[in-house]
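What follows is a single structure, written as structure tokens, with notes after it.
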Amino acid sequence: TQVRKEVKIIPAQLKVVEHVSHIYACRHCERSADETPIINAPLPAPVIPKSYASPSLVAYIMNQKFVEGLPLYRQEQQFARLDYKLPRQNMANWLIYCAENWLSPLYDRMRHHLLSLDHLHADETELQVLREPGRDAKTKSYMWLYRSGRYGPPIILYEYQPTRSSDHPRRFLTGFSGYLQVDGYVGYEGLPGVILVGCWAHARRKFDEALKALPKDAEISNTVAKQGLDFCTHLAAIEKRFHDVSPEERLAAREKFSKPIVDEFKAWLEAQAPRVLAKSTLGMAIQYCLNQWDKLEAFLKDGRLELDNNRIERSVKPFVMGRKAWL
């Protein structure tokens, strides 16, 4: 006997489901009584009143747009190829209705749990919104992200705002106190009860940019940019080594292995700053680290904290991937 396996795909199918409600009347009452009682068997409540949308159809459209990055006009074409006319305006109205009436309570509950934690990540990314009342189409808007850390169930919340004002995280994080892991944006400064934790990936990236700015034929092995990059790389290697241990063990390892490197890096930065042009790529990398120093060394305070803010940057990636297509 020979067996050959192959993977078969069954394309999406659209089906009409009819919900039939029987109506009952009393025949005896019809003949002899003044009134005839009529009873309707209850129908399942629709996900959207007076609409032919089903929960599965709305969920499919949401997943296609926000997970797969497929804009509604392309979904409209996709449904047309399945021989079904579904205008994008209908889909847009469905998404808005379900977001406001079905998902908002879930969002609010997740936010309640999020703010009860004492270690969060935050980030924001640019967004262009077309035909927004009172605003030019070229005006930058922002999608803000807030999420939980590495421990416990992941909670990831997006919030659209038309500006990058610090008022937005201040309002969203009302009631939160603890560690907030961010990049270098000043909009997170001064939040009450919040200790900001910096991102070493951003610091490393700036030294990497300084290294790439050198002439192609330059010997990079002993340059100042390479030295700065190596400090960040060594810290990342220590984190990788102790990735799977408990927070207590990680804190002890950081005290033993990471803190000496951090202290040496600080002294190195202070020594290099006067020798480098402040406006050069390398000068800006050094100044970034010095300006962010309190935040960069904050990861040494708690073993649950992370060396970088990559966790939330991975969470924003699906949105960034779809952002251009949605226009």
Side-chain angles (χ1 to χ4, degrees), residues 7-15 17 46-48 51-114 117 120-132 140-162 168 172 181 183 201 306 308-327:
V7 177
K8 180 180 180 180
I9 185 169
I10 301 175
Q13 296 179 338
L14 289 166
K15 295 186 177 183
V17 178
V47 66
I48 301 173
S51 168
Y52 52 88
S54 68
S56 62
L57 180 58
V58 175
Y60 177 83
I61 294 169
M62 286 182 171
N63 182 75
Q64 287 287 91
K65 177 171 182 179
F66 296 110
V67 179
E68 306 298 337
L70 197 67
L72 296 183
Y73 82 91
R74 287 170 61 187
Q75 292 194 52
E76 181 180 14
Q77 297 168 351
Q78 187 182 60
F79 284 118
R81 289 193 291 272
L82 294 172
D83 200 25
Y84 186 72
K85 184 178 180 181
L86 182 53
R88 72 192 76 173
Q89 187 61 50
N90 285 28
M91 289 187 273
N93 290 336
W94 292 353
L95 295 190
I96 293 170
Y97 180 91
C98 290
E100 293 176 346
N101 292 276
W102 292 105
L103 297 184
S104 288
L106 178 61
Y107 184 97
D108 293 341
R109 187 63 178 164
M110 292 174 70
R111 182 183 174 194
H112 172 77
H113 283 290
L114 188 73
L117 303 175
L120 302 182
H121 295 256
D123 198 10
E124 75 289 333
T125 187
E126 292 179 359
L127 168 68
Q128 185 180 356
V129 180
L130 304 181
R131 293 188 295 277
E132 192 171 18
K140 288 183 181 179
S141 299
Y142 291 87
M143 186 65 76
W144 296 73
L145 261 78
Y146 306 90
R147 70 153 295 159
S148 55
R150 72 169 82 184
Y151 297 101
I155 301 175
I156 307 165
L157 297 179
Y158 292 76
E159 186 190 48
Y160 167 77
Q161 290 292 349
H168 305 313
F172 186 95
Q181 195 123 22
D183 55 20
E306 301 187 52
D308 53 53
N309 208 25
N310 288 347
R311 184 172 298 274
I312 199 168
E313 291 196 0
R314 290 192 295 270
S315 299
V316 78
K317 189 175 180 180
F319 175 81
V320 173
M321 296 286 285
R323 179 171 55 194
K324 186 175 181 180
W326 294 336
L327 288 179

Practice prompt. Answer whether the closest heavy-atom distance between the side chains of L72 and I61 falls below 4.5 Å.
Written response: yes
Discussion item. If we check side-chain contact (heavy atoms from CB on, under 4.5 Å) with V47, which of these qualifies: S56, P55, S54?
Written reply: P55
Practice prompt. Measure across C98 and V58 and return the closest heavy-atom pair with its distance rounded to 0.1 Å.
Written response: SG-CG1, 3.6 Å
Item to complete: Could you note down all residue pairs passing side chain to side chain donor-acceptor pair (under 3.5 Å) where residues 80-89 supplies at least one of them, sequence neighbours left out?
Response: E76-R88, Q89-N93
Fill in: Non-neighbouring partners of K317 that pass salt bridge (Lys or Arg N to Asp or Glu O under 4.0 Å), sequence neighbours left out
none
Worksheet item: What pairs with Y107 under side-chain contact (heavy atoms from CB on, under 4.5 Å), at least two apart in sequence or on another chain?
Response: L157, E159, F172
Practice prompt. Starting from the C-alpha separation in whole Å, work towards a yes-or-no answer on side chain to side chain contact (heavy atoms under 4.5 Å, CB included) for Q64 and Q78.
Written response: CA-CA 11 Å; Q64 287 287 91; Q78 187 182 60; 3.4 Å; yes
Worksheet item: side-chain contact (heavy atoms from CB on, under 4.5 Å) with N63: which residues, sequence neighbours excluded?
Response: V67, E68
Item to complete: Before giving the answer on side chain to side chain contact (heavy atoms under 4.5 Å, CB included), spell out for Y52 and N90 the whole-Å C-alpha distance, their side-chain angles and the decisive distance to 0.1 Å.
Response: CA-CA 10 Å; Y52 52 88; N90 285 28; 3.1 Å; yes
Worksheet item: Going from CG on L103 to CE on M110, what distance comes out if it is rounded to the nearest 0.5 angstrom?
Response: 10.0 Å
Discussion item. Can you list everything that forms a side-chain contact (heavy atoms from CB on, under 4.5 Å) with P71? Sequence neighbours excluded, please.
Written reply: Y73, R74, A325, W326
Practice prompt. Work out which heavy atom in S141 is nearest to a heavy atom in V129; give both atom names and the distance.
Written response: OG-CG2, 4.0 Å
Worksheet item: What's the shortest heavy-atom distance between A122 and N309, and which atoms?
Response: O-ND2, 3.1 Å
Fill in: Euclidean distance, E306 CD relative to R150 CZ, rounded to 0.5 Å
4.5 Å
Response to the item:
CG of L57 to CE of M91, rounded to nearest 0.5 Å, is 8.5 Å
Practice prompt. I would like to know whether E124 and D183 meet side chain to side chain contact (heavy atoms under 4.5 Å, CB included); could you show each step before the answer?
Written response: CA-CA 10 Å; E124 75 289 333; D183 55 20; 4.3 Å; yes
Worksheet item: How close do S315 and R147 get, heavy atom to heavy atom, and via which atoms?
Response: OG-NH1, 3.0 Å
Fill in: S51: side-chain contact (heavy atoms from CB on, under 4.5 Å) partners, not counting sequence neighbours
I48, A53, W94
Discussion item. Do F66 and F319 have side chains that approach each other closer than 4.5 Å (heavy atoms only, starting at C-beta)?
Written reply: no
Practice prompt. Step by step, work out the side chain to side chain contact (heavy atoms under 4.5 Å, CB included) result for I312 and Q181.
Written response: CA-CA 9 Å; I312 199 168; Q181 195 123 22; over 6 Å; no
Item to complete: Return the minimal non-hydrogen interatomic distance between R311 and S148, and the atom names on each side.
Response: CD-O, 3.9 Å
Response to the item:
Here the gap from L14 atom CG to L86 atom CG, rounded to the nearest 0.5 Å, amounts to 8.5 Å
Discussion item. What's the separation between atom OH in Y142 and atom CD in E126, rounded to the nearest 0.5 Å?
Written reply: 4.5 Å
Discussion item. Distance check, rounded to the nearest 0.5 Å: W144 atom CH2 versus T125 atom OG1?
Written reply: 11.5 Å
